[in-house]
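Notes follow once the structure below has been shown.
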Amino acid sequence: MFDTLSDRLSATFKNLRGKGRLSEADIDATAREIRIALLEADVALPVVRAFIANVKERSRGVEVSQALNPAQQVVKIVNEELVGILGGETRRLRFAKNPPTVIMLAGLQGAGKTTLAGKLGLWLKGQGHSPLLVACDLQRPNAVNQLSVVADRAGVAVYAPEPGNGVGDPVQVAKDSIEHARSKQYDVVIVDTAGRLGIDADLMQQAADIRDAVSPDEILFVVDAMIGQDAVNTAEAFRDGVGFDGVVLSKLDGDARGGAALSIAHVTGKQVMFASNGEKLEDFDAFHPDRMASRILDMGDLLTLIEQAEKTFSQEEAAKMASKLASSKGKDFTLDDFLAQMEQVRKMGSISKLLGMLPGMGQIKDQINSIDERDVDRTAAIIKSMTPHERQEPTIINGSRRARIAKGSGVEVSAVKNLVERFFEARKMMSKMAQGGGMPGMPGMPGMGGGAGRQKKQVKQAKGKRKSGNPMKRKAEEQAAAARREQAAAQGGAFGLPAEQDDQNFELPDAFKKFMG
C-alpha cells in the first residue's frame, strides 16, 4: 500500500547524500518533495501541513546543523514525525477487571467487520483468551451465517440466537450475550454490529443503543484503508455520533495509496490499534506506529519478522536442527529436516511478505513480487515422492530413481537433479554457518570461529598488492580509484544501499538461489 510513498521519500533523501551541510534551500526543497509525496498518498491536508512544519522546524535546528551526517539526521526526523502522526506509542487493548471484556465493532457496510471479528477472535485465542463472537448484524443478508462460518474457521464460539436477514432485535441479542458469556465462562465478547453504505441516523441510533445496552470496554471503529480521504470523514462522523476508542484498519494489503492510515489517528485523536493485511484469518496483528514508519522509509520491520519466527519455530526444534548441522559436517541433516524447515517458513507467511520486512528490499520489490510461491510446493512434492531411505541418504538417488521421483511429483527429471544438488550445497553452507564459519566466501566475524584463516589469507593478499613505482602511473591509478569512489557515492541509495537496479539484469545472490529453486 505504501510503495509509491516509500519510493518518493527514498528518491528525496537520495538527493541529500554526500552533503556536508544542509542549506536553507536544501531543507525547503526536501520539504517540498515530502509534501508532494504525502499529498499524492492521499494524506489529509491538515496532517501534511503539521508534518511539514515540524520537519522544517527541526531540520533547521541544532540536531541537524551540528550533525556529522545531516542527511541521516533528516531521515531520523522524518521517521520520528511519521511515528507521531501514526499514533506514537502502540495502543493495547484494555481488559475489564471482571470478565467478560466487551469489544464492540462499528463501521460502514463493506469495511470488513464480520471477517475482522473472526480475525480478532483468533488473535485473542492465541493470547490465551476465550472469546465469544456475537451476531448483532441482523439486517445484511446472510451476515449471521457468515459470522458462524468465520467463527468455525477461527475455532472460537459464536452466539447467534436470531436468524438475521431482517429478523430479530440486535440490541436484545447484544444484552443477552453478556449473560451467556458469563454462564459459559467466556472472558471476551466481540459484538459484530450492522453497517450502512453511508452515514445515516438509523445506523448511528442502532450503534448507540447497542453501546448503551452492553457498556463496551472498547469500541473499535473498523475502516477500509482503501477508501482514502473518505475514511477520515467517516471516522469523524462515528466519533461524534457514537464515539470509539480505537481504529482497526482493514484491507491494508490493497493497492490504495495509504492516506487513511497516515491521517486517521492525527485527525480523530484515536490511535490505530490493529491492522488486517490479508485475506487469511492469520493476516492480522497489533498496529505498531514505529514499525509502520520503518516500512514506509524502507528500513524494514525486523521486529515483526522475529516475532513471527518465534511463533512458528520452537526453541527445541531449532536447537535440534542446529546440532544436526554442527555434527559430521551437517550429514545428519536430511531431506526430511529440509522439508520440515521449509514448511515452518511457509507457516510464517508468503516469502514475498517476509522478504519485504528486510531493510532495503523496497528497491527490488518488483523482483520480490514476481517470486513464484508455488516453487515451495513443487519442492515439497519432489521430496515427498522419495522413499524414506532416499530422504535419509540422498546420495543413492541415481538416474532411475530420479525418473521415478519426477514421475511421482509431476516435474521434469532435471528438477529432481537440481533439487538434490541445491540441497547438498545448502546443507554445506548452513553447516559452515552453524559451526561458526560465517557465510561462504566471507571472512569470519569477530567472536565466531572458523573464519580466522581466511581473514589472514585475505590480509596477506591485500599486502601483496603494491603501488606502481612510476610516479605518473601511480597518480593515474589514484585518480581512477577516486573517480570510482565518487561514482559509487553518486549512485548510492537513500540509506547507503545500492541504487535502483535494472530489472532485466537483476539476479538473486547465489546463497539465496539455493533455497528458492
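The structure displayed is predicted, hence computed values, not measured ones. Computation of the quantities below employed the complete heavy-atom set of this structure, encompassing side-chain atoms and omitting hydrogens, waters and symmetry-equivalent molecules.
- What you find for T90 and P289 is that their closest heavy atoms are OG1-CD, 3.8 Å.
- Annotation: side chain of V223 is not in contact with side chain of L108 (no heavy-atom distance under 4.5 Å).
- Within the 4.5 Å cutoff, no side-chain heavy atoms of T101 are placed close to those of E218.
- For E24, the CD atom is densely surrounded, since the number of other residues' heavy atoms within 6.0 Å is greater than 12.
- Two residues are said to be in side-chain contact when any heavy atoms from C-beta on lie closer than 4.5 Å; T115 and Q146 meet this criterion.
- Contact between P131 and V156 at its shortest, heavy atoms only, is CG-CG1, 3.7 Å.
- For the pair L220/F244, no side-chain contact is recorded, criterion being any heavy-atom separation below 4.5 Å from C-beta on.
- A donor-acceptor pair under 3.5 Å links the side-chain atoms of R391 to the main chain of K384, judged by distance alone.
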Using the rule given for side chain to side chain contact (heavy atoms under 4.5 Å, CB included), can you reason through V48 versus I34, listing the C-alpha separation, both sets of side-chain angles and the distance that settles it, and then say yes or no?
CA-CA 9 Å; V48 176; I34 295 174; over 6 Å; no
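- The CE atom of M104 lies 11.0 Å from the OG atom of S215; values are rounded to the nearest 0.5 Å.
- With rounding to the nearest 0.5 Å, the separation of CG in L38 from CG in L82 is 7.0 Å.
- Heavy atoms only, all atoms of each residue included: D224 and G110 are closest at OD2-O, 4.4 Å.
- The closest side-chain heavy-atom distance from V272 to L86 is not below 4.5 Å.
- For the pair K270 (side chain) and I264 (backbone), a donor-acceptor distance under 3.5 Å is absent.
- Judged by distance alone, with hydrogens and angles left aside, the side-chain atoms of T193 form a donor-acceptor pair with the main-chain N or O of L105 at under 3.5 Å.
- D217 contributes a side-chain N or O that, together with a main-chain N or O of V102, makes up a donor-acceptor pair within less than 3.5 Å.
- No donor-acceptor pair under 3.5 Å is formed between the side chain of N145 and the backbone N or O of N142.
- Taking all atoms of both residues into account, the shortest heavy-atom contact from L281 to A154 is CD1-N, 3.7 Å.
- Separating the SG atom in C136 from the CG atom in L147 is a distance of 9.5 Å, to the nearest 0.5 Å.
- Two residues are said to be in side-chain contact when any heavy atoms from C-beta on lie closer than 4.5 Å; V189 and V214 fail this criterion.
- Across P100 and Y186, no two heavy atoms sit closer than the pair CB-O, 3.4 Å.
- A 4.5 Å side-chain heavy-atom check between V188 and L120 finds every atom pair outside the cut-off.
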Please evaluate residues R94 and D245 with respect to the criterion side chain to side chain contact (heavy atoms under 4.5 Å, CB included), reporting the C-alpha separation (whole Å), side-chain torsions for both, the decisive distance (0.1 Å), and the verdict.
CA-CA 10 Å; R94 291 190 301 257; D245 303 299; 3.6 Å; yes
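- Proximity of a side-chain donor or acceptor of R211 to a complementary backbone N or O of V242 within less than 3.5 Å is detected.
- Counting only heavy atoms from C-beta outward, the side chains of V78 and T30 never approach each other to under 4.5 Å.
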List the steps and the verdict of side chain to side chain contact (heavy atoms under 4.5 Å, CB included) for E162 and Q172.
CA-CA 10 Å; E162 298 290 352; Q172 190 61 44; over 6 Å; no
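- Checked by atom type and distance alone, the side chain of K113 pairs as donor or acceptor with a backbone atom of G107 at under 3.5 Å.
- Formation of a donor-acceptor pair under 3.5 Å by the S250 side chain with backbone atoms of A111 is found in this model.
- Residues A213 and V171 approach most closely at CB-CG1, 3.8 Å, considering heavy atoms.
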I would like to know whether F284 and L122 meet side chain to side chain contact (heavy atoms under 4.5 Å, CB included); could you show each step before the answer?
CA-CA 9 Å; F284 175 85; L122 179 63; over 6 Å; no
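- Atom-to-atom distance recorded for F287:CZ and S276:OG is 13.0 Å, nearest 0.5 angstrom.
- Atom CD of E57 is surrounded by 12 or fewer heavy atoms from other residues, nucleotides or ligands within 6.0 Å.
- Relative ring orientation between F95 and H129 is described as parallel, the plane-to-plane angle staying below 30° on a 0-90° scale split at 30° and 60°.
- Checked by atom type and distance alone, the side chain of D337 pairs as donor or acceptor with a backbone atom of T334 at under 3.5 Å.
- No donor-acceptor contact under 3.5 angstrom links the side chains of S130 and D187, judged on distance only.
- L335 CG to T379 OG1: the interatomic distance, rounded to the nearest 0.5 Å, is 10.5 Å.
- Atom-to-atom distance recorded for N54:CG and E80:CD is 11.5 Å, nearest 0.5 angstrom.
- Annotation: F221 is in aromatic contact with F238 [ring centroid separation under 6.0 Å].
- With hydrogens and angles disregarded, no donor-acceptor distance shorter than 3.5 Å links the side chain of K56 to the backbone of A31.
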